[in-house]
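Just below is one structure, and these are the notes that go with it.
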Amino acid sequence: MSIKKAIFPAAGLGTRFLPATKSSPKEMLPLVDKPMIQYVVEEAVSSGIEHITIITGRGKRAIEDFFDISFELEHELEKRGKHNILKQMQLIPNMANICYIRQKEPLGLGHAILIAKDLIGNEPFAVLLGDDIIDAEVPCLKQMIDIYNRYKCSVIAVQKVDDDISKYGVIQPRYLEKNIYQVLDMVEKPRPDEAPSNLAIIGRYILTPELFDILKNIKKDRTGEIQLTNGLKELVKRQAIYACEFTGKRYDAGSKIGFLQATVEFALKSQDVGKEFAQYLAGLQLTTPNKKKNKKSIQNPE
Ligand code: UTP
């Protein structure tokens, strides 16, 4: 069975971006001119996904409005003769079949996935986290689906991380072939000296429906949340999970620094403003706050 359905958990509180996320969802923060979630929906759609379930919560209505038709806006753009942007607006509601489930309380990523069980049914599905933005020639999810199609088992995306390994779930891998590993076990946020490898789990998963039964019965953690990693640790005891070391660049846009890095790099690639922005950056005399003497000017990326 091929992967046609995807879950987008988007009910988190986005506390790292407060106060910006007090009244608007983190997933709607723009990278240049598109909200973050649009990049990830585009990745899913170009990987063959047809049905998307977005898990939302309080304060997330802007996501639903974004993927809906806006008659007034379209009418106004038509009236003003802005046909190019009108075309782009008309594409958004037709990208995929999107439905929404509200997670009443943010009880963890595992819980967010579990509440989509009835919409997914008994088939394998993808999970994409809207704040992991991946710039890749072949969409990251497509790379994973290709592995799923060969091995018919759950596939998680990993990347090599040299610093900050303690921020991630980390796999204990068995090398299979280029960029593919079997997952023997995983450890959530290990101390650097206890990490079983430098392969960190990032926000893309292909999962078999057996995971739902596991999540239903799994114990909540100390904070009362159902953690996806605990579900995966149980799943790997019952069936094979493979890891895909994808080709592409990932931005942790759920953190301020990752968001800023993505903004700069996407702006430099923008047809619209890329050239002008590169000139602007090249003209900046950058200083690091603590070492004012080390005045460094950045390289012109061209
Ligand atoms: P994060 O912890 O990275 O995101 O959750 P957050 O909670 O929104 O942000 P911070 O940490 O407070 O700044 C990873 C993903 O899981 C979703 C989030 O929306 C995010 O996409 N999530 C998390 C849920 O949908 N429900 C939850 O209960 C928890």
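Every number for a ligand or one of its atoms is a count from 1 in the order of the listing.
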Could you tell me whether Glu27 and Lys60 have a side-chain N and a carboxylate O separated by less than 4.0 Å? yes
Say whether, by atom type as modelled, one donor and one acceptor occur between the side chain of Glu43 and the main chain of Leu141 under 3.5 angstrom. yes
Give a yes or no on whether the backbone of Pro124 and the side-chain of Tyr148 come within a donor-acceptor separation of less than 3.5 Å. no
Numbered atoms of ligand 1 (with element) below 4.0 Å of Lys26, judged on heavy atoms: 4 (O), 6 (P), 8 (O), 9 (O)
Do Ile171 and Leu109 belong together in a cluster built from hydrophobic side chains that touch within less than 4.5 Å? yes
Who passes side chain to side chain donor-acceptor pair (under 3.5 Å) against Glu177, sequence neighbours left out? Arg150, Tyr151
Checking a contact table here: which protein heavy atom is nearest atom 2 (O) of ligand 1, and how many Å away? Arg16 NH2, 4.3 Å
Nitrogen or oxygen of Lys60 less than 3.5 angstrom from that of ligand 1: no
If you measure from the Lys or Arg side-chain nitrogens to the Asp or Glu carboxylate oxygens, is any gap between Arg238 and Glu210 under 4.0 Å? no
Donor-acceptor check, side chain of Ser154 to backbone of Leu207, threshold 3.5 angstrom: yes or no? no
Would Thr15 count as a polar contact of ligand 1, with the cut-off being nitrogen or oxygen pairs under 3.5 Å? yes
Which one of Pro9, Gly130, Ala112, Gly12 has a non-hydrogen atom at the shortest distance from atom 23 (C) of ligand 1? Gly12
If I apply the N/O under 3.5 Å rule, does Gly108 come out as touching ligand 1? yes
Applying ring-ring contact (aromatic ring centres under 6.0 Å, His included) as the test, list every pair that has at least one member in residues 99-147; sequence neighbours left out. Phe125-Phe212
Quick check: does Leu129 get an N/O under 3.5 Å from an N/O on ligand 1? no
Hey, does Leu109 sit under 4.0 Å from ligand 1 if you only count heavy atoms? yes
Among Lys26, Arg204, Arg250, whose salt bridge (Lys or Arg N to Asp or Glu O under 4.0 Å) with Asp131 holds? Lys26
Which residue and heavy atom of the protein sit nearest atom 25 (O) of ligand 1, plus the separation: Ala11 N, 2.9 Å
Does any N/O atom on Leu107 come nearer than 3.5 Å to any N/O atom on ligand 1? yes
Suppose I only count heavy atoms of Glu27 and a 4.0 Å limit; which atoms of ligand 1 are within that range? 19 (O)
With heavy atoms of Ala10 as the reference, note each atom of ligand 1 found under 4.0 Å away. 19 (O), 25 (O)
Check for me whether Gln103 has a heavy atom closer than 4.0 Å to any atom of ligand 1. yes
Pick one of side chain, backbone, both or neither for how Leu13 approaches ligand 1, counting any non-hydrogen atom pair under 4.0 Å. backbone
